[in-house]
Amino acid sequence: MVAPVSALPHLSAQPEAPRAFLGVTRSVLGRPWRERCADPAAQAYAATMVQAHGLPELLARVLAGRGVRPDGSEAYLRPRLRDLMPDPACLVDMGPATERLARAVRRGESVAVFGDYDVDGAASAALLAGYLRRLGVPTRIHIPDRITEGYGPNAAAIAALAGEGATLLVCVDCGTSGHGPLAEAARLGLDVIVLDHHGAPELLPPVCALVNPNRLDDLSGLGHLCAAGVVFLTLVALARTLRAEGYFGSHPEPPLTDALDLVALATVADVVPLTGLNRAFVVQGLTVMRARGRHGLAALLDAAALDGPPEAWHLGYLLGPRINAGGRIGDAGLGARLLTTDDPAEAARIAVELDRLNRERQAIEAQAVAEAEAEMDHALALDPDRPVLVAGSAEWHPGIVGLIAARLKERFGRPAFAFALRPDGSATGSGRSIAGADLGHAVRAAVEAGLATKGGGHAMAAGVTLAGPDLTRFAAFLAADLAEAVAEARAVEALLLDGTVSAGGATAETVRLIQRAGPFGQGAPEPVFALPRHRIVDAGLVGHGHVRARLRSRDGQAVGAISFRSAQGPLGQAILAGIGSEFHVAGTLACDRWRGAERAQVRICDLSPAI
């Protein structure tokens, strides 16, 4: 009989050191393997879900390993927006924001929406502008050029928008630190609303309303939302205000649920935690997206040659990079135009152009990443304990520095910054971090210390501009600020596994079972399984730096596998050199669709010789 939740065992004050999963204390990537669901309480939760709730054991262990309690398993597996939606009024300044937006709607004012040049910015701008346009409000979107304008509101663009007749400026996914430009907007007679989610300084710009769950005086507990999530809550509050005023008695009310595809896209692409409300946004947003009602997203899915209905990972790996490509190396406004157009032909044209730009971006990125990795290999040879990596080059395009930083972080397992050294002597950089090291906070501290002219972001990603090309002082500041956090994070670094499967058990049915616990992403890691003692019977290179393999268990069953972007690293090299040998293989499970057929595939993330 399973013990009730209240009677679950407590952990001792001094727990035993965790045991190595399958005895792996140092894998090919230098990590110990640990069981994710090793806590006795979590194991009891899993047992309760199996016996009292009838869940399959594999699914129960996945849920328990992510902190789901038995009494919350049903809600977790079927997240519903109506159950998780907060009252938008809990956000500071939501009242003034919706009152000013409602006045703009009633008066038919000209509204300018100023967004960021990434997916969250494009989706947020499209979400707000699309709703206002359905209400008959003339609305223009401005997405700044990454190179000529930089991040956030700028005085020149604001003056142009005011000159075109705008009376209300709404900044989405930016503006929280835009003191100078937003003061200029007020001087020009523009009212300003900021809808953002980035880390906020203590002193906020002079605006009518600044809605940001990460401002210091906001106690809503919604800091995990991306900007599109904040915009969606604002539109819920706006609709409620207009409804109370009787506005929809003479005007049709646009259905907000139709816009959840944009919220889902931004939530996944901006790598915010997929917990609570965000899970519901993604689950219900994918349902909307699968109906293909938005011409732009339907065209982009076709341009990406997606075979089958979109899943959460497609938003981050197929759609997101293509929308970002416009802001990185092309026309920054392409993404927002794609997401707002009602013309299928225009949507197809923009989608094809974004797909072309993405291929061009990939080629530029590959060369730059190779240069950055070589530079960091040399730096770490001199100082192996360097807590933060900082690289820069005058040859790197400013639009890809975030991608370079991400690749450095992935390969070397520590926070990384990449800079494009500009002709005017300045340096534009972007960083990516590891769990436990707050990069956004470090960058804001660098700005306050006078080491950077502007910068900001959140824990896992940040951007910064330096006045000069010398990166030494900035790198030293980051190293000192983050050294302790990085050391602690890397000390406990281990690959957490959710269980074991064999080649014969890695089926499409198993994948579908696991996906019931999704969507997976930041804050809700995708389940990782070990395939014990499987022989690599074949391996080779495929695509751009990927390694494919075929794994066979001792009972003769086989399954296909792939290791992405690993050909030049220790994992890919070990796979290629390991043909004929047995390994404990760790990876995630996914369905590979080809010409209508569906089969399971192992996506290898680590391995260890089976001794």
Side-chain angles (χ1 to χ4, degrees), residues 2 5 8-12 15-51 53 55-73 76-77 271 273-276 279 312-313 410 413 434-436 460 488-502 505-506 510-534 571 583-590 600 602-608 610:
V2 176
V5 172
L8 292 176
H10 296 285
L11 293 178
S12 63
E16 296 181 2
R19 291 183 301 173
F21 194 88
L22 293 177
V24 177
T25 57
R26 186 174 178 82
S27 68
V28 165
L29 293 180
R31 297 180 290 187
W33 289 5
R34 304 275 187 257
E35 182 181 3
R36 188 187 301 275
C37 198
D39 187 307
Q43 293 180 357
Y45 292 158
T48 301
M49 290 183 212
V50 172
Q51 297 186 23
H53 297 268
L55 294 183
E57 183 179 358
L58 182 64
L59 179 60
R61 289 183 62 84
V62 168
L63 295 178
R66 281 145 192 79
V68 180
R69 291 172 174 263
D71 57 0
S73 58
Y76 190 90
L77 291 172
V271 202
L274 288 186
T275 57
R279 291 190 72 249
W313 72 272
E410 288 176 8
I434 60 176
M460 301 300 289
E488 291 178 358
R490 300 194 75 210
V492 298
E493 182 183 18
L495 180 63
L496 300 179
L497 293 110
D498 291 87
T500 61
V501 296
S502 66
T510 301
V511 173
R512 285 190 288 271
L513 176 65
I514 296 167
Q515 287 175 340
R516 289 179 58 191
F520 302 112
Q522 182 68 24
E526 187 171 7
V528 178
F529 297 95
L531 285 76
R533 296 191 176 279
H534 279 56
L571 180 57
F583 290 88
H584 300 315
V585 181
T588 60
L589 300 180
V602 178
R603 294 177 176 171
I604 302 174
C605 61
D606 205 353
L607 78 163
S608 179

Find out whether [X] and [Y] are in side-chain contact, i.e. whether some heavy atom of one side chain is under 4.5 Å from a heavy atom of the other.
{"X": "Asp606", "Y": "Arg31", "value": "yes"}
{"X": "Leu77", "Y": "Leu63", "value": "yes"}
{"X": "Pro525", "Y": "Leu496", "value": "no"}
{"X": "Thr500", "Y": "Leu531", "value": "no"}

side-chain contact (heavy atoms from CB on, under 4.5 Å) evaluation trace for Leu55 with Ser73: CA-CA 9 Å; Leu55 294 183; Ser73 58; 4.2 Å; yes
Could you report the tightest heavy-atom contact between [X] and [Y], atom names first, then the distance?
{"X": "Arg603", "Y": "Ala590", "answer": "CZ-CB, 3.4 Å"}
{"X": "Pro56", "Y": "Arg516", "answer": "CD-NH1, 4.4 Å"}
{"X": "Ala524", "Y": "Leu274", "answer": "CB-O, 3.6 Å"}
{"X": "Leu497", "Y": "Ala586", "answer": "CD2-CB, 3.9 Å"}
{"X": "Ala506", "Y": "Ala600", "answer": "O-CB, 3.1 Å"}
{"X": "Gln43", "Y": "Ala38", "answer": "NE2-O, 3.5 Å"}

Cys605 and Leu495: CA distance, side-chain angles, deciding distance, side-chain contact (heavy atoms from CB on, under 4.5 Å) verdict: CA-CA 9 Å; Cys605 61; Leu495 180 63; 4.3 Å; yes
Exam field: side chain Arg66 to backbone Val62, donor-acceptor pair closer than 3.5 Å: yes
Arg61 (side chain) donor-acceptor with Ala46 (main chain) under 3.5 angstrom: no
Residue pairs fulfilling salt bridge (charged side-chain N to carboxylate O under 4.0 Å, His left out) with at least one residue in residues 488-497, sequence neighbours excluded: none
Where at least one partner belongs to residues 517-533, residue pairs that pass salt bridge (charged side-chain N to carboxylate O under 4.0 Å, His left out), sequence neighbours excluded: Arg533-Glu582
Between [atom1] of [X] and [atom2] of [Y], what distance do you get to the nearest 0.5 Å?
{"X": "Arg512", "Y": "Ile514", "atom1": "CZ", "atom2": "CD1", "result": "11.5 Å"}
{"X": "Met49", "Y": "Arg69", "atom1": "CE", "atom2": "CZ", "result": "10.0 Å"}
{"X": "Trp33", "Y": "Arg26", "atom1": "CH2", "atom2": "CZ", "result": "14.0 Å"}
{"X": "Phe21", "Y": "Arg19", "atom1": "CZ", "atom2": "CZ", "result": "10.5 Å"}
{"X": "Asp71", "Y": "Tyr45", "atom1": "CG", "atom2": "OH", "result": "8.5 Å"}
{"X": "Glu57", "Y": "Leu513", "atom1": "CD", "atom2": "CG", "result": "11.0 Å"}

Verdict with supporting geometry, Met460 and Val271, side-chain contact (heavy atoms from CB on, under 4.5 Å): CA-CA 8 Å; Met460 301 300 289; Val271 202; 5.8 Å; no
Residue pair Phe529, Leu58: steps toward the side-chain contact (heavy atoms from CB on, under 4.5 Å) verdict: CA-CA 11 Å; Phe529 297 95; Leu58 182 64; 3.3 Å; yes
